[in-house]
Amino acid sequence: MSEVRTRFAPSPTGFMHVGNLRTALYAWLLARSEGGKFILRIEDTDQARYVANAVEVIYATLKSAGLDHDEGPDKDGGFGPYIQSERKGLYREYAEKLVNSGHAYYCFCDKCDEESDDEIHEASALCPCASLDSAEAAARVASGAAHVIRQRIDRSKVSSFTDAVFGEIQIENKVLDDQILLKQDNMPTYNFANVVDDHLMNITHVVRGSEYLSSTPKYNLLYEAFGWEIPTYVHLPLIMGKDAEGNVSKLSKRHGSVSFENLTAEGYLPEAIVNYIALLGWSPKSDREIFTLAELAEAFKISGLNKSPAVFDYGKLRWMNSEYIKSLSPEKFASAALPFAGVSGTVLESKWKKIAALLHNRTEIFTEIPEKIAFLLNQPEYDVELFNHKKSKSDPENTRQDLPELRDRLANLNDWDAENISGVLSGFAAEKEIKAGRPMWQVRIAVSGCAVTPGGPGEIMEILGKEESLKRIDQALKKLTA
RNA sequence: GUCUCCAUCGUCUAGAGGCCUAGGACACCGGGUUUUCAUCCCGGCAACACGGGUUCGACUCCCGUUGGAGAUGCCA
């Protein structure tokens, strides 16, 4: 058995859709789990869609996802070039072979225009050019007539193939169109370039989304026309999105962030994204959910692939992200979260390590950090009603009574740290024979103005500093006596 | 419209005829721990789309219905 070779063949669009990334992941996983090779090929046959730096985005994404390739534009493995626009001449050559063998023909029809779609489709399947005299057609091409090359499909037959995931699939050729192989601009269509390149690059397993399932017979007809061996197909279930109305369709922008870049910019960790999408359509057949890439490669099996579409669940991604965040070391968390915190250039910058420690297991995604710590920079407006807290028996009235003494005791505290501050508060409670929670709540509201804060009053005041803390308590007192 | 595929909790899934009074996870709801919140722990809610077969026995096999998705581009 020859070596397994899989490929990831993205089109340089400037962003990496998570569905695409998952395809890359499975192709990579398959190659790695079999000790094979993973090839990166850039499919830039659509010149109208050219986007600057798009290839860089692909490299960057693959790198941060941890999917290393063995061959690619930047890593020659002897099957290059790995960028389709650089292979342009090849496709025409192969397409003409097909014309000569009768498996394809020149077509001189006008380009379809979008408006009259339906009629044109009919026409393309029964293109009159299919029956043109071949010598005459060749002459027209030689004279420079604009043309495309279409695949000639024997519509009397039935095609069948076996997919590694979906099993046996049968399609009658009569529903297949004479698809275009080579465009008027001399560039191949995706379908054609794919077949040629996959063969030339010795790809053994074609891993792609199941949206290609019904066009696969066209590919196979091409392989057969060339006399090439058909690769193993591994069609993947689609990734769906659910909209506000509950309608499910292919995951797209309307469902939320769908590109790897957007997701990481939103504060999701690459590892969490990869782990999450690995489980969207594939199961390790165990209850385990957290996997490193290496562990995934070890556990991966085609038989674990699912057939039915999977809905992308941002909530679960969030949870997975929080799991990854919690597993970060305190230092790692602090440095990874810093860019999202918005503390640079503020008084909080020097205290970031302490703040980060409080944030660590309260963070699901990094983007929620700024709002969690906003009160540290500016005391928010709050209602005195906030001093009400049933469990600790705190209310505005007893707060107004307790706060002055609490303030004095805090003012007299020399070593201003969380532990000592808490000591003052609980000492006060002990003396007065009240619940410790009461002064804790009273003071926390006074200095934060928030019912929910990362950390308790001790930690908050340590970060705020003595001066600012006392100032906020004074303001609270003013509020309460007003 | 036509073709293809799919069908277990709201979501991701386990289940390859008896192990299923269907397991796990997210979400949700309770309870405990905690100075708030969170973490953590414990518990709960919740599904085999429907109808026929096959079989001693069907979530698992077959057929149909219904529902959903995808394809039908000189996009990939």
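First the proteins, then the strands, lettered A, B, ... as listed; each starts at 1. FYI, side chains are in, hydrogens and waters are out, and symmetry mates aren't considered; it's all heavy atoms of this structure.
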Counting C-beta onward and ignoring hydrogens, is there a side-chain heavy-atom pair between A:Leu40 and A:Arg7 closer than 4.5 Å? no
Which whole number of Å gives the distance between the [atom1] atom of [N] and that of [M]?
N: B:G18; M: B:G1; atom1: C1'; result: 46 Å
N: B:G31; M: B:C37; atom1: P; result: 12 Å
N: B:C29; M: B:G73; atom1: P; result: 48 Å
N: B:C59; M: B:U21; atom1: C1'; result: 14 Å
N: B:A14; M: B:A47; atom1: C1'; result: 13 Å
N: B:U34; M: B:G10; atom1: P; result: 36 Å
N: B:G43; M: B:A7; atom1: C1'; result: 32 Å
N: B:G32; M: B:G17; atom1: C1'; result: 43 Å

Euclidean distance, atom [atom1] of residue [X] to atom [atom2] of [N] [Å, nearest integer]:
X: A:Asn191; N: B:A71; atom1: CG; atom2: P; answer: 13 Å
X: A:Leu213; N: B:A69; atom1: CG; atom2: P; answer: 17 Å
X: A:Arg318; N: B:C12; atom1: CZ; atom2: P; answer: 19 Å
X: A:Met240; N: B:C12; atom1: CE; atom2: C1'; answer: 14 Å
X: A:Glu211; N: B:G68; atom1: CD; atom2: C1'; answer: 17 Å

Under 30°, 30 to 60°, or over 60°: which ring-plane class applies to A:Tyr219 and A:Tyr190, parallel, tilted or perpendicular? perpendicular
Is the shortest side-chain N/O distance from A:Lys250 to OP1 or OP2 of B:A71 below 4.0 Å? yes
Would you please confirm or rule out a distance under 4.0 Å between OP1 or OP2 of B:G68 and any side-chain N or O of A:Lys242? no
A:Arg254-A:Ser249 side chain donor-acceptor pair, cut-off 3.5 Å: yes
Only one of A:Asp44, A:Asp46, A:Asp197 clears side chain to side chain donor-acceptor pair (under 3.5 Å) with A:Gln84; which? A:Asp197
Remember a base hit wins even if backbone is also touched, and classify A:Met187 as base, sugar-phosphate or nothing at under 4.0 Å, heavy atoms. nothing
Can you list, in residue-number order, the parts of residues 442-452 of chain A that come under 4.0 Å of RNA chain B, counting heavy atoms only? A:Arg444, A:Ala451, A:Val452
Can you sort out which residues in residues 418-432 of chain A have a heavy atom within less than 4.0 Å of RNA chain B? Ascending by number, please. none
Mate of [N] where both pairing distances stay under 3.5 Å, Watson-Crick or G-U:
N: B:G57; value: none
N: B:C75; value: none
N: B:G43; value: B:C29
N: B:G64; value: B:C50

Test side chain to side chain contact (heavy atoms under 4.5 Å, CB included) applied to A:Ala146 - qualifying residues, sequence neighbours left out: A:Gln184
What about A:Lys218: does its side chain form a donor-acceptor pair under 3.5 Å with the base of B:U72? no
